[in-house]
Trainee: 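Below are the structure tokens for one structure; questions will follow.
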Amino acid sequence: MRYRPFGDTGLTISEVALGGLLARYEGACGHPPPEVKRAIYLAAAERGVTLFDMGYGDEVHIPDELKGNSTPYLFSLKVGAPIAAELRDTVHAHLKNIHRDAIDILRVHHNAYQADVALQSTISDLREAGDISSVCMIRHYLEDQQDYAEGGPAPEADADLVMYNYVCRWQE
């Protein structure tokens, strides 16, 4: 496994991560039993994966031995375009599920963040409280990619995820 620094956060992450969509698409692809999910996570950790995504509620399937403050594993949470008033509860529920004091990387859509002062304030408060360690702006919409190309990284973020998303067929 190869590892890279994650933006300016001081974190080093594996180039391969696991989680998130594993749970999201189960409705369409079937539901493997919990012991199979457990085996997937443990096999990933054995192969050097250090970053686990908790998007879509998948953190409930991460084995307890990978959770907690004393493990070498990192946890990312994609919240997309959350409702500011609900974000604190969302973060705290995920922290409880992974037995951690902080989420290592909170991923939020750049356009949602820019448009919502209450969301900006809530994320700032969560950082100050130590509930999240870093913020990553997701930029897979055309206007966010153009903004990045013209203006560079978001100063309020620790990292920007400028990505091609195969779901967005309009991208060149």
Side-chain angles (χ1 to χ4, degrees), residues 4-29 50-62 67 73-172:
R4 293 182 180 195
F6 181 71
D8 295 329
T9 65
L11 299 172
T12 300
I13 61 174
S14 54
E15 287 187 343
V16 175
L18 180 67
L21 292 178
L22 187 66
R24 179 158 174 91
Y25 289 104
E26 285 180 351
C29 301
T50 60
L51 180 60
F52 295 96
D53 178 42
M54 302 180 295
Y56 310 108
D58 205 49
E59 78 279 359
V60 298
H61 301 293
I62 298 172
K67 298 176 181 179
Y73 304 107
L74 303 171
F75 295 91
S76 173
L77 174 60
K78 178 182 179 183
V79 292
I83 297 169
E86 297 174 3
L87 182 57
R88 188 175 319 280
D89 289 342
T90 299
V91 166
H92 289 158
H94 282 79
L95 288 172
K96 182 178 178 183
N97 283 337
I98 60 169
H99 316 297
R100 297 280 302 260
D101 294 332
I103 291 171
D104 298 294
I105 304 167
L106 182 75
R107 297 185 344 266
V108 61
H109 285 289
H110 178 258
N111 60 353
Y113 181 88
Q114 292 298 320
D116 189 344
V117 174
L119 179 58
Q120 295 170 24
S121 178
T122 300
I123 289 173
S124 178
D125 291 348
L126 287 165
R127 286 185 84 158
E128 270 188 45
D131 294 333
I132 57 175
S133 299
S134 65
V135 176
C136 175
M137 296 292 169
I138 303 166
R139 295 175 181 257
H140 65 75
Y141 296 114
L142 182 59
E143 64 273 8
D144 290 324
Q145 293 171 346
Q146 289 171 335
D147 182 61
Y148 184 84
E150 294 167 8
E156 61 275 8
D158 298 291
D160 285 84
L161 178 58
V162 183
M163 59 189 258
Y164 169 76
N165 185 335
Y166 71 93
V167 175
C168 301
R169 302 288 186 225
W170 47 263
Q171 293 178 329
E172 294 182 17

Trainee: Atom OG in S133, atom CG in L74: separation rounded to 0.5 Å?
Mentor: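 Going from OG on S133 over to CG on L74, the span is 9.0 Å.
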Trainee: Which heavy atom in D158 sits nearest to a heavy atom in R127, and how many Å separate them?
Mentor: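 Closest approach of D158 to R127, heavy atoms only: OD2-NH2, 2.7 Å.
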Trainee: With sequence neighbours left out, what residues match S14 under side chain to side chain donor-acceptor pair (under 3.5 Å)?
Mentor: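 Expected list: T50.
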Trainee: How far does OG1 of T122 sit from CD1 of I83, to the nearest 0.5 angstrom?
Mentor: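 Nearest 0.5 Å value for the OG1-CD1 distance: 11.5 Å.
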Trainee: Say you draw a straight line from CD of E128 to CD1 of I123; how long is it, rounded to the nearest 0.5 Å?
Mentor: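 The CD1 atom of I123 is 13.0 Å from CD of E128, to the nearest 0.5 Å.
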Trainee: Out of curiosity, I62 CD1 to H99 NE2, how far, rounded to the nearest 0.5 Å?
Mentor: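 Taking CD1 in I62 and NE2 in H99, the distance rounds to 10.0 Å.
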Trainee: List the residues meeting salt bridge (charged side-chain N to carboxylate O under 4.0 Å, His left out) with D131, not counting sequence neighbours, and say none if there are none.
Mentor: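 With neighbours one apart ignored, the set is empty.
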Trainee: E156: which residues meet the side chain to side chain donor-acceptor pair (under 3.5 Å) condition with it, sequence neighbours left out?
Mentor: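 E156: side chain to side chain donor-acceptor pair (under 3.5 Å) contacts with Q114.
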Trainee: So do the side chains of S134 and L11 get within less than 4.5 Å of each other, counting heavy atoms only?
Mentor: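 A side-chain contact exists here, since the closest heavy-atom pair is under 4.5 Å.
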Trainee: If you apply the rule side chain to side chain contact (heavy atoms under 4.5 Å, CB included), what do you find for I103 with M54, and how did you get there?
Mentor: CA-CA 10 Å; I103 291 171; M54 302 180 295; 4.0 Å; yes
Trainee: If you look only at pairs with a residue in residues 146-155, which of them pass as a salt bridge (Lys or Arg N to Asp or Glu O under 4.0 Å), with sequence neighbours excluded?
Mentor: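 For residues 146-155, and leaving out neighbouring residues, the salt bridge (Lys or Arg N to Asp or Glu O under 4.0 Å) pairs sorted by first residue read R139-D147.
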Trainee: Measure across A102 and I132 and return the closest heavy-atom pair with its distance rounded to 0.1 Å.
Mentor: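 In this case the closest contact between A102 and I132 is CB-N, 4.5 Å.
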Trainee: I need the minimum non-hydrogen distance between F6 and C136, along with the two atoms involved.
Mentor: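 Distance-wise, the nearest heavy atoms are CZ-CB, 3.8 Å.
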Trainee: Closest heavy-atom contact between A157 and M137?
Mentor: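 Answer, listing the atom of A157 first, then M137: CB-CG, 3.5 Å.
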Trainee: Who are the ring pair (Phe, Tyr, Trp, His ring centres under 6.0 Å) partners of F52, not counting sequence neighbours?
Mentor: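 Scan of F52 (ring pair (Phe, Tyr, Trp, His ring centres under 6.0 Å), adjacent residues dropped) gives Y41, Y73.
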Trainee: Are the side chain of S121 and the backbone N or O of V117 linked by a donor-acceptor pair below 3.5 Å?
Mentor: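 Answer holds: no.
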Trainee: With no hydrogens and no angle check, is any side-chain donor or acceptor of K78 less than 3.5 Å from a backbone partner on D53?
Mentor: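 Not at all, since once roles are kept as given, no pair shorter than 3.5 Å links the two residues.
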Trainee: Could you list the residues that satisfy salt bridge (charged side-chain N to carboxylate O under 4.0 Å, His left out) with D125, not counting sequence neighbours?
Mentor: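 Per chain and number, D125 pairs via salt bridge (charged side-chain N to carboxylate O under 4.0 Å, His left out) with R88.
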Trainee: Could you tell me the separation between the NE2 atom of H110 and the OH atom of Y141, rounded to the nearest 0.5 Å?
Mentor: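 That separation rounds to 13.5 Å.
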Trainee: Determine whether I105 and L51 satisfy the following criterion, side chain to side chain contact (heavy atoms under 4.5 Å, CB included), listing intermediate values before the conclusion.
Mentor: CA-CA 10 Å; I105 304 167; L51 180 60; 4.2 Å; yes
Trainee: Between D104 and S76, is there a donor-acceptor pair closer than 3.5 Å when you use the side chain of the first and the backbone of the second?
Mentor: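 No.
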Trainee: Mind listing the closest non-hydrogen atom pair of A112 and A81 along with its distance?
Mentor: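 Looking at all heavy atoms of both residues, the shortest contact is CB-CB, 3.4 Å.
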Trainee: What are the two closest non-hydrogen atoms of P82 and L119, and how far apart are they?
Mentor: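 That closest heavy-atom pairing would be CG-CD1, 3.6 Å.
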